[in-house]
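First the structure, in the form of structure tokens, and then the observations on it.
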There are 2 protein chains.
Amino acid sequence: MTKPATIKDIARKLGISVATVSRALRDAYDVSKETKKLVEETAAAMHYRPNFNATGLVKRSTHKIGIIIPSITNYYFSTVITGIQEYAFEKGYQVILYVTNDSPDWEEKIVRELSPGSIDGMLACITSNTKSFIHFQELIDGGLPIVFFDRFAESLNASRVLQDDYNGACIATEHLIQCGYKKIAHVTGPAKLSLTQNRLKGYLDTLGKHNLKPFGIVHSGFSKEDGIKDVEAILNEKDGPDAIFAVNDRKAIGAILALKSAGIKIGKTIGVIGFTNDPISEIISPALTTIAEPAYEIGRISCELLLRHIQKSNYPIQEIILPTELIVRNSTQILYEP
Amino acid sequence: MTKPATIKDIARKLGISVATVSRALRDAYDVSKETKKLVEETAAAMHYRPNFNATGLVKRSTHKIGIIIPSITNYYFSTVITGIQEYAFEKGYQVILYVTNDSPDWEEKIVRELSPGSIDGMLACITSNTKSFIHFQELIDGGLPIVFFDRFAESLNASRVLQDDYNGACIATEHLIQCGYKKIAHVTGPAKLSLTQNRLKGYLDTLGKHNLKPFGIVHSGFSKEDGIKDVEAILNEKDGPDAIFAVNDRKAIGAILALKSAGIKIGKTIGVIGFTNDPISEIISPALTTIAEPAYEIGRISCELLLRHIQKSNYPIQEIILPTELIVRNSTQILYEP
DNA sequence: TTTATTTTCGATAACGTTCTCGCTACTATT
DNA sequence: AATAGTAGCGAGAACGTTATCGAAAATAAA
């Protein structure tokens, strides 16, 4: 119940002015070594902790950054957040978490209700169907540094950190082709998202390179249930696929479940490849071949970039793309040696 | 780049005092309806947003709460956080996330570096081997409301919200016995944690009730890998178990993987039951029988309780225990009809 | 010495709010 | 008509810190 010690308390105890104490506590060129040391010692003794509200008020900088994200209950997002959190903590920043539940309305509400000076910058990942971006544009216009990750809007002039969706999709499709699969379907995500488009493009381009035709492209959500539904629909068509490239692991899991309950041999009859490298992909049987995304690094690097923008207001806008990696497991198999 | 509007700007524009504007913007008994309406309108027009640093300074209350948690990359924790976040957002509170990585040193450092007045309260889940609790005690002594969830320290006089670990373990063990399993091993967690102790006690008591002997109790970490190791060790003993009760789903998953690679038929030869109801438990094959924890509700209720403590400084300390539920899947089977 | 320069510090005004007074101008009471 | 009460507002201090300006003391240069 004891009130926390302030700079005034230290000043009073030492018989010096608050200004001197303040200087001594920061990087001070303006204060003698003796008083600096003295102040630091008594500050420690009194358990002094700076009041961020006060410093924030005068310096217009709280050491806080915001994360706005559709959800945290999946491997990719929670790992990105972990990366962000760790880097931020190392640099003395605190992280405020905003979860949109993938609802554009919530997203807009959250952004609109932001108090000025409550955060120094923002890490953002938009919902899968954010239609208007003016709320983000207003933040940017207001001078708040924003770095997008994973999902972003082309129209917004802001830095972003992404995995290499296009090449990842190329690698995935190439792998299926090398295995000997020929009729490769793509179970994809929400149409407007750039990551969906890039993975789709990688798929199409790679098929084209090999003179193969695209197959049953279905746009829907990102969930396991979406994967099940989409694959069931594909299976009902007359001419079925012999492989499925899913836009992410959750949908690939759905695909595996759907194929299993249809009694189809996964790998041998129909190959499945995902995207993410969710830990579940090595637990499910057959284990899921997938494209690994560097989620943790994306978090760390996004945060690093954001802090640069915060420190230099004219820091140049960047697009950082991190490589992906093919992880081969049992859901794809070599059908014949070429 | 335009500076955000302040209360002063509104006052100047309307030719009234800042005090009146301030009153008009809050629940004002002291201001006429006309000026109140006028102020609200121009505030909206100028996109006024209150500055939390300033209000926090004078009112000694930021609308922020902290969550300190070992990790966010698992189903239980991320779901609890989701519950917390949603409730907090509904009530106008922001959530600051602190991740300890299950390291007692990080935990202590984070707590020690908290700035006074930077949060109004704290939701906490301790690491699996926090040895000393004085850093939390100091927070409590300093008057900061804290609510613990899932993991807590008996010695700390603070509210807590828990799942019913004891009865959950009883139900789990009882289920195994009803199935016909007789030699039930318990793969458990870090020894000091109360949840470990309660689940262990539930297991022991239920066995005792049926005159069965406990079997191969192994204390280790919470991870899948720990589960694999523990079960491999148990299998190497002369007289093997016919069922395994794991302290959580991740270890149960590890158990299933270990049993599979040992070529043991799960369910028929050895039954497995977990604790959590992680989504992965219905994806793995065989699907995992488990005790479902109300993670989301624990989050919401913890947050609700914390806000009560924040609003009434003498709000009574509570221990809230939420029920669990048995979810039967294929990793346990009825061995014979009694 | 005297002057110039540096080092070290204190006073004071901000930052954007809320809070406590107290003042004015009404309305109600007698 | 006199008093009391009340509604509505403004002035100014406070919250804990940093920033600006200048003053005093110490040192260096002349």
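Everything numeric here is computed off the predicted structure, so don't read it as measured data. Residue numbering restarts at 1 for every chain, and letters A, B, ... go by the order of the sequence lines.
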Contacts under 3.5 angstrom, residues 296-306 of chain A side chains, donor-acceptor by atom type, not counting sequence neighbours:
from: Tyr296(A); atom 1: OH; to: Glu86(A); atom 2: OE1; distance (Å): 2.5
from: Arg300(A); atom 1: NH1; to: Glu90(A); atom 2: OE2; distance (Å): 3.2
from: Arg300(A); atom 1: NH2; to: Glu90(A); atom 2: OE1; distance (Å): 3.0
from: Arg300(A); atom 1: NH2; to: Glu90(A); atom 2: OE2; distance (Å): 3.4
from: Ser302(A); atom 1: OG; to: Ile298(A); atom 2: O; distance (Å): 2.5
from: Glu304(A); atom 1: OE2; to: Arg308(A); atom 2: NH2; distance (Å): 2.7

| query | Among all residues two or more places apart in sequence or in another chain, which pass the side-chain hydrogen bond (donor to acceptor under 3.5 Å, both in side chains) test with Glu40(A)? | reply | none
| dT18(C) OP1/OP2 closer than 4.0 Å to side-chain N/O of Arg60(B) | no
| said: Can you work out whether Val18(B) or Lys59(A) has the more 5'-proximal nearest nucleotide on DNA chain C? | reply: Lys59(A)
| message | How many whole angstroms separate atom NZ of Lys8(A) from atom P of dT12(C)? | response | 14 Å
| said: Could you tell me if Ser32(B) and Thr35(B) have a donor-acceptor pair between their side chains, going purely by distance under 3.5 Å? | reply: yes
| Is there a donor-acceptor pair closer than 3.5 Å between any side-chain N or O of Ser22(A) and the backbone N or O of Val18(A)? | no
| query | What distance do Asp141(A) atom CG and Asn157(A) atom CG have between them, rounded to the nearest 0.5 Å? | reply | 10.0 Å
| request: Kindly say if Ser17(A) contacts the phosphate of dA11(C), meaning a side-chain N or O under 4.0 Å from OP1 or OP2. | output: no
| message | Can you give me the first and the last nucleotide of DNA chain D (5' to 3') that has an atom within less than 4.0 angstrom of a non-hydrogen atom in chain B? | response | dG8(D) to dG16(D)
| message | Among residues at least two apart in sequence or on other chains, which ones pass side-chain hydrogen bond (donor to acceptor under 3.5 Å, both in side chains) with Ser78(A)? | response | none
| field | side-chain hydrogen bond (donor to acceptor under 3.5 Å, both in side chains) partners for Thr82(B), two or more places apart | value | none
| task | Name all pairs fulfilling the side-chain hydrogen bond (donor to acceptor under 3.5 Å, both in side chains) condition that reach into residues 44-55 of chain A, sequence neighbours left out, sorted by first residue then second. | result | none
| Roughly how far apart are Glu319(A) CD and Phe148(A) CZ, rounded to 0.5 Å? | 13.0 Å
| said: If you assign each of Thr6(A) and Glu34(B) to its closest nucleotide in DNA chain D, which residue comes earlier from the 5' end? | reply: Glu34(B)
| task | Could you state the atom-to-atom distance from CD1 of Ile10(A) to P of dC9(C) in whole Å? | result | 15 Å
| request: Check whether the side chains of Thr62(A) and Asp120(A) place a donor and an acceptor atom closer than 3.5 Å, and report yes or no. | output: yes
| What are the residues of residues 40-58 of chain B, sorted by number, that bring a heavy atom to within less than 4.0 Å of DNA chain C? | Tyr48(B), Arg49(B), Pro50(B), Asn51(B), Ala54(B), Thr55(B), Val58(B)
| Which whole-number value in Å describes the distance from Arg12(B) CZ to dG16(C) P? | 10 Å
| ring pair (Phe, Tyr, Trp, His ring centres under 6.0 Å) with Tyr87(A): which residues, sequence neighbours excluded? | none
| When we call it a touch if two heavy atoms are under 4.0 Å apart, what does Ser22(A) touch: a base, just sugar-phosphate, or nothing? | base
| query | Atom CD1 of Ile16(B) to atom C1' of dT24(C): distance rounded to whole Å? | reply | 17 Å
Do any N or O atoms of the protein come closer than 3.5 Å to N or O atoms of nucleotides 21-23 of chain C, and which pairs are they?
none

| Within less than 4.0 Å of OP1 or OP2 of dC9(C), is there a side-chain N or O belonging to Ser32(A)? | yes
| task | Check whether the side chains of Thr20(A) and Ser17(A) place a donor and an acceptor atom closer than 3.5 Å, and report yes or no. | result | yes
| said: Run the side-chain hydrogen bond (donor to acceptor under 3.5 Å, both in side chains) test against Ser159(A) and tell me which residues pass, sequence neighbours left out. | reply: His309(A)
For a quick test of your reading: what N or O donor-acceptor pairs under 3.5 Å do the side chains of residues 91-99 of chain B make, sequence neighbours left out?
from: Gln94(B); atom 1: OE1; to: Lys64(B); atom 2: NZ; distance (Å): 3.0
from: Gln94(B); atom 1: NE2; to: Tyr98(A); atom 2: OH; distance (Å): 2.8
from: Tyr98(B); atom 1: OH; to: Gln94(A); atom 2: NE2; distance (Å): 2.8

| task | Five pairs at each end of the helix from dT1(C)-dA30(D) to dT30(C)-dA1(D): take the axis at both ends and give me the angle between them to 10°. | result | 40°
